[in-house]
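All chains are named by letter (A, B, ...) in the order of the sequence lines, taking the proteins before the strands, and each is independently numbered beginning at 1. Owing to the predicted nature of the structure, the values given are computational and were not obtained by experimental measurement.
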Amino acid sequence: MNIHITKFFYGDYGEIEGGAPAPVNNREWPLWEVFIRSKQGLDHKHVGSLHAADAAMAIENARDVYTRRMEGVSIWVVESKYIHASNPTEAGALYDPANDKIYRHPTFYQLPDELKYM
Amino acid sequence: MDANKLAEQFQQKIDADIKIEPQDWMPDEYRKTLIRQISQHAHSEIVGMLPEGNWITRAPSLRRKAILLAKVQDEAGHGLYLYSAAETLGITRDEMYYQLHSGKAKYSSIFNYPTLTWADMGAIGWLVDGAAIMNQVPLSRCSYGPYARAMVRICKEESFHQRQGFEILLTLSKGNAAQRKMCQDAINRWWWPSLMMFGPTDNDSPHTAQSMKWKIKRFTNDELRQKFVDVCAEQVKFLGMTLPDKDLKWNEERKHYDFGPINWEEFWNVVKGNGPCNKERLATRVQAWEDGAWVREAALAYEEKKSARKYAFQNTAKSTENAPAFQ
């Protein structure tokens with residue numbers, strides 16, 4: 001048997017049988033971003049995303065997908081299309097104003113070691 | 001900025017172990033490789049629920065049943081983490097489902113083997129999840145942020161899967177003659193397919209070099225497979241069972257276990273769709289998707305009805321507000 005060996009990776013079994021591109025589905029449930037507060041006193045933190053028809057379903061799904069081991073005490077969901085993000089290609093210019101202001105850090109100031117409680 | 005410059009900066013980030021995030025520039029081939037790998041990994045988690053789902057109603061005790069349910073639910077969760085990670089690369093969930101259901105995308109060939117006895121639940125946990133962990137731990141340091149983060153979560157949860165599997169086998173190994181026989185039989189049937197899970201043997205294909213360079217992959221298939229054999233050859237002793245390989249032997253010089261040749265013809269045959277359960281698995285999956293169509297449609301219709309009402313109410317409220325008070 002003549003087998004052509006191609007290198008595949010874990011979870012990657014190649015595309016052996018071709019196929020037509022997927023038909024466009026305009027009725028896909030929207031995507032939601034999920035934020036979880038792991039315990040009282042901490043911030044909500046982004047954990048991932050999921051699909052749901054509405055906010056109530058998004059929260060229920062988030063409970064099942066992201067808090068199966070009591071990882072959270074509070075869940076926020078927001079439809080992904082409402083998230084606005086800074087552009088990584090403009091990061092240089094965006095953060096430039098803070099780059100040269102090391103005097104904003106307490107360690108910038110040289111004070112005598114004998115000075116206490118400061 | 002031209003493409004060469006971008007590609008150079010991209011590689012510098014990878015070399016410096018800076019993660020690539022969804023909005024960052026990346027080479028098309030990197031994106032394509034990741035979409036294929038992550039989505040097929042996700043499909044494996046989803047299809048992986050089927051062989052175990054087979055035993056939920058027949059679990060030998062309530063404790064085992066609750067555990068198996070939790071494990072299968074975890075697999076669904078793992079599939080969802082991974083689908084989400086793949087979606088950040090610009091493919092939709094429905095496209096991925098379509099690729100799976102049409103047979104275009106593959107999933108791990110291991111799930112095309114049948115689960116004949118309860119002991120298979122143990123062997124799957126120990127060997128199949130064990131092999132998965134061996135692969136997934138390095139993937140949690142993969143260069144693509146969302147994939148790496150998904151893998152961190154998955155690895156945390158996967159450890160329970162492996163331990164519960166080993167416990168099933170350990171219990172059977174202390175049982176009567178029939179139970180011990182069942183235990184050994186399951187190990188015999190799952191051992192070689194588990195070794196095949198690591199993928200074809202290493203060769204000098206340019207594809208490997210590229211994925212290593214991009215830090216999508218950190219170890220070769222053969223390195224991981226060897227590690228797995230070394231670990232299992234020791235663990236099986238706790239069960240008082242044997243691995244079905246007459247060539248399995250400690251090699252003092254290599255400080256590794258030597259093992260017999262893998263039947264790659266069988267592997268490719270299963271990958272190509274001719275395994276014992278390929279058709280059944282895919283048909284079950286497609287039917288689940290089709291049977292759920294009305295639910296997806298109804299949930300959307302309900303949401304549309306609710307937001308239409310809310311909109312109408314807001315408009316009425318506004319018009320009253322603006323109306324002159326004396327009317």
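- Listed options B:Thr92, B:Asp24, B:Asp74 were ranked by heavy-atom pairs under 4.5 angstrom with chain A; first place goes to B:Asp74.
- At a 4.5 Å heavy-atom cutoff, the contact between B:Arg153 and chain A is made by side-chain atoms alone.
- If you measure heavy-atom distances from B:Thr88 to chain A, you find no contacts under 4.5 Å at all.
- Interface residue B:Val295: only backbone heavy atoms are found under 4.5 Å from chain A.
- Only the side chain of B:Lys306 comes within less than 4.5 Å of a heavy atom of chain A; its backbone N, CA, C and O stay farther away.
- Under 4.0 Å is where a charged nitrogen must lie from a carboxylate oxygen, and between A:Arg27 and B:Glu304 at least one such pair does.
- Under a 3.5 Å cut-off, the side chain of A:Ser49 and the backbone N or O of B:Ser84 do not form any donor-acceptor pair.
- The pair A:Glu28-B:Arg93 does not meet the salt-bridge criterion, since no charged nitrogen lies less than 4.0 angstrom from a carboxylate oxygen.
- When all heavy atoms are compared, the tightest approach of B:Gln23 to A:Ser86 is OE1-O, 3.3 Å.
- Within the 4.5 angstrom heavy-atom criterion, no atom of B:Tyr97 approaches chain A.
- Contacts between B:Glu157 and chain A at a heavy-atom distance below 4.5 Å involve backbone atoms as well as side-chain atoms.
- There is no contact between B:Phe219 and chain A, counting heavy-atom distances below 4.5 Å.
- Contact annotation for B:Glu87: only side-chain heavy atoms (C-beta onward) come within less than 4.5 Å of a heavy atom of chain A.
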